[in-house]
Amino acid sequence: MSNWEILWSSRDVFLQGFYNTLQLFGISAVLAFLLGSVMVFLLEGSRPRLKIPLRIFIDGMRMLPFLILAYLLYYGLPSVGIRMSAWYAGLTALVLYHGAYFAEILRGCRTTFPLGQVEAATAQGFSLPTMFLRIIWPQLILKTRGLMGNQLIILLKDTAFLVIITVRELTAAANSLSSTYFIPMEAFIVVIGFYWLISIGLEQFIKLIGRYGAKRGFENA
Amino acid sequence: MDSSAWGLLAYGAWTTAWISGISIAIGVLLGLIVALLRVARIPVVHQVLGTYISLARATPLVTLVLFIFLTAPTMGLDINRNVAGIIALTLNTTAFNAEIWRSAFNNFSPEQREAALAIGMTPWVYFRRIMLPQITITSLPGLVNEMSFLIKGSPAVAVIGVVDLARVTNRISAVTYEPLPPILAAAAMYMVMISLLVWLQRLAERKASRLAV
């Protein structure tokens with residue numbers, strides 16, 4: 001049997017890993033984006049009390065390597081009585097870490113908005129949550145789509161770190177196959193292909209949002 | 001944590017620093033060369049480098065590190081962990097740096113080239129005396145940003161057993177059975193390294209805005 005045939009016969013392992021990676025990526029991308037949006041919403045308004053703690057959280061995350069946060073949640077927290085499975089620890093780490101990055105991207109874009117928008121909305125009787133949801137948020141999403149796309153690709157790549165805290169994802173699949181059959185080259189080429197596929201898919205998705213944005217008058221964003 | 005634990009942490013920090021430092025130095029230079037080759041648009045080389053950049057940007061560092069470390073012996077190459085880690089980090093950061101350099105090239109004004117050639121500079125003298133100093137200044141913020149990304153990605157080398165600042169926390173907690181203090185200490189050390197770079201970046205940006213008018 002050639003090396004490729006061995007890989008084909010164990011395709012279940014790859015597909016399971018691919019499915020796990022996609023699942024981790026999908027769930028954490030959505031939750032991290034929501035977390036980032038909530039943080040930006042909390043910074044909204046004239047005198048947000050949460051400004052300083054949020055600033056510390058966001059900047060702290062931006063200075064930390066992702067693996068250290070994953071270590072902290074998986075190895076560190078049990079000693080204060082919080083025990084999570086590797087999968088949940090990994091997911092929580094992804095959401096917290098990338099939520100901070102999303103918040104920073106959105107906040108950076110938020111500061112470029114003209115003040116008049118908010119004033120006009122307030123004059124029309126919008127409440128703060130409705131104003132954010134209807135006016136600020138859609139604009140933020142369409143304007144930051146390029147940076148968001150980059151961040152999503154970084155998120156995808158960070159899921160591979162979770163192999164170190166024993167999550168069974170795509171890289172773990174390649175690692176275990178290559179050590180079982182001694183075919184590292186082929187196993188990793190397949191896995192890198194999978195990652196490439198997801199990235200290209202993501203880029204297409206961002207382009208699609210761009211086209212939708214252009215239709216609604218955001219082509220210069 | 002006792003003094004031996006702090007000693008181990010310092011050793012890990014040093015490993016992270018020198019592995020990242022070497023990768024950054026090679027990566028910035030190789031990135032410039034790759035960008036130059038891409039700008040020259042040599043038929044086959046252009047497509048090959050384009051594919052390399054697209055692939056390297058999509059491949060997670062952990063996967064790349066494992067790939068290189070496990071594949072090298074099957075091709076008859078005998079490389080140790082540190083070298084495999086450095087190669088992986090360099091391959092990754094080169095792709096990003098090449099894009100930063102290339103965008104600086106593309107934004108460079110063509111009039112300067114015409115003027116330089118008109119007064120009799122050779123293309124090489126023009127590149128070294130006129131173009132390189134200016135694109136170095138405009139690329140610096142992006143390059144420093146990529147450097148901090150590299151340091152944040154460097155724990156990937158832990159997966160092949162390099163005892164860097166991330167992995168050293170496992171060693172310490174294997175003795176003390178208290179994982180939290182070493183992880184927090186390592187986190188603080190990473191924060192110091194990154195904030196040093198961020199400070200350098202701010203310095204570079206201030207200098208860039210003063211020099212590149």
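In what follows, every chain begins at residue 1, and chains take the letters A, B, ... in the order their sequences are listed.
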- [ ] Return the option, out of B:Pro73, B:Ala187, B:Ala188, with the maximum number of heavy-atom pairs under 4.5 Å with chain A.
- [x] B:Ala187
Open item on the list: Restricting to non-hydrogen atoms, name the atom on A:Ile68 and the atom on B:Ala186 that form the minimum distance, rounded to 0.1 Å.
Closed with: CD1-CB, 4.2 Å
Task: More than 12 heavy atoms of other groups within 6.0 Å of A:Tyr88 OH - done: no
Task: A:Trp4 atom CH2, over 12 foreign heavy atoms within 6.0 Å - done: yes
Open item on the list: I need the B:Leu165 CG to A:Leu67 CG distance, nearest 0.5 Å.
Closed with: 10.5 Å
TODO: Please look at B:Phe149 and chain A and tell me whether the side chain, the backbone, both or neither of the residue comes under 4.5 angstrom of a heavy atom of that chain.
DONE: side chain
Task: Per-residue contact mode, B:Met75 against chain A (heavy atom under 4.5 angstrom) - done: side chain
- [ ] Could you grab the distance from atom CD of B:Glu178 to atom OG of A:Ser79, nearest 0.5 Å is fine?
- [x] 7.5 Å
Open item on the list: Minimum heavy-atom separation for B:Pro179 and A:Tyr75, please, with both atom names.
Closed with: CG-O, 3.0 Å
Open item on the list: Is A:Ile154 close to chain B through its backbone or its side chain, or both, or neither, when contacts mean heavy atoms under 4.5 Å?
Closed with: side chain
Open item on the list: Just checking A:Phe57: does its CZ atom have more than 12 heavy atoms from other residues, nucleotides or ligands closer to it than 6.0 angstrom?
Closed with: yes
TODO: Would you indicate whether B:Asp78, at its atom CG, is surrounded by more than 12 heavy atoms from other residues, nucleotides or ligands within a distance under 6.0 Å?
DONE: no
Open item on the list: Rounded at 0.5 Å granularity, tell me how far OG1 in B:Thr59 sits from NZ in A:Lys157.
Closed with: 7.5 Å
- [ ] Give a yes or no on whether B:Trp199 atom CH2 has more than 12 heavy-atom contacts from other residues, nucleotides or ligands under 6.0 Å away.
- [x] no
Task: Reported OG1-to-CD distance for the pair B:Thr63 and A:Glu169, which is rounded to 0.5 angstrom - done: 7.0 Å
TODO: Answer with side chain, backbone, both or neither: which region of A:Ile153 has an atom nearer than 4.5 Å to a non-hydrogen atom of chain B?
DONE: side chain
TODO: Identify the residue among B:Leu64, B:Leu66, B:Val159, B:Val65 that makes a side chain to side chain contact (heavy atoms under 4.5 Å, CB included) with A:Thr171.
DONE: B:Leu66
TODO: To the nearest 0.5 angstrom, please state how far the CZ atom of A:Phe161 sits from the CG atom of B:Leu61.
DONE: 6.0 Å
Task: Distance (rounded to the nearest 0.5 Å) between A:Asp59 CG and B:Met191 CE - done: 9.0 Å
Task: A:Arg83 atom CZ, neighbour heavy-atom count above 12 within 6.0 Å - done: no
Open item on the list: Show the nearest heavy-atom pair for residues A:Met185 and B:Phe67, with the distance to one decimal.
Closed with: O-CE1, 3.8 Å
TODO: Please name the pair of heavy atoms, one in A:Leu77 and one in B:Leu180, separated by the smallest distance, quoted to 0.1 Å.
DONE: N-CD1, 4.5 Å
Open item on the list: Between B:Ser154 and chain A, with a heavy-atom cut-off of 4.5 Å, which part of the residue counts as in contact: side chain, backbone, both or neither?
Closed with: neither
TODO: Heavy atoms only, distances under 4.5 angstrom: which of B:Ile183, B:Leu70, B:Leu184 has the most pairs with chain A? Name it, please.
DONE: B:Ile183
- [ ] With a 4.5 Å cut-off on heavy-atom pairs, point out which of A:Phe194, A:Phe182, A:Tyr71 contacts chain B the most.
- [x] A:Tyr71
Open item on the list: Heavy-atom count check: over 12 atoms from other residues, nucleotides or ligands less than 6.0 Å from A:Arg11 CZ?
Closed with: yes
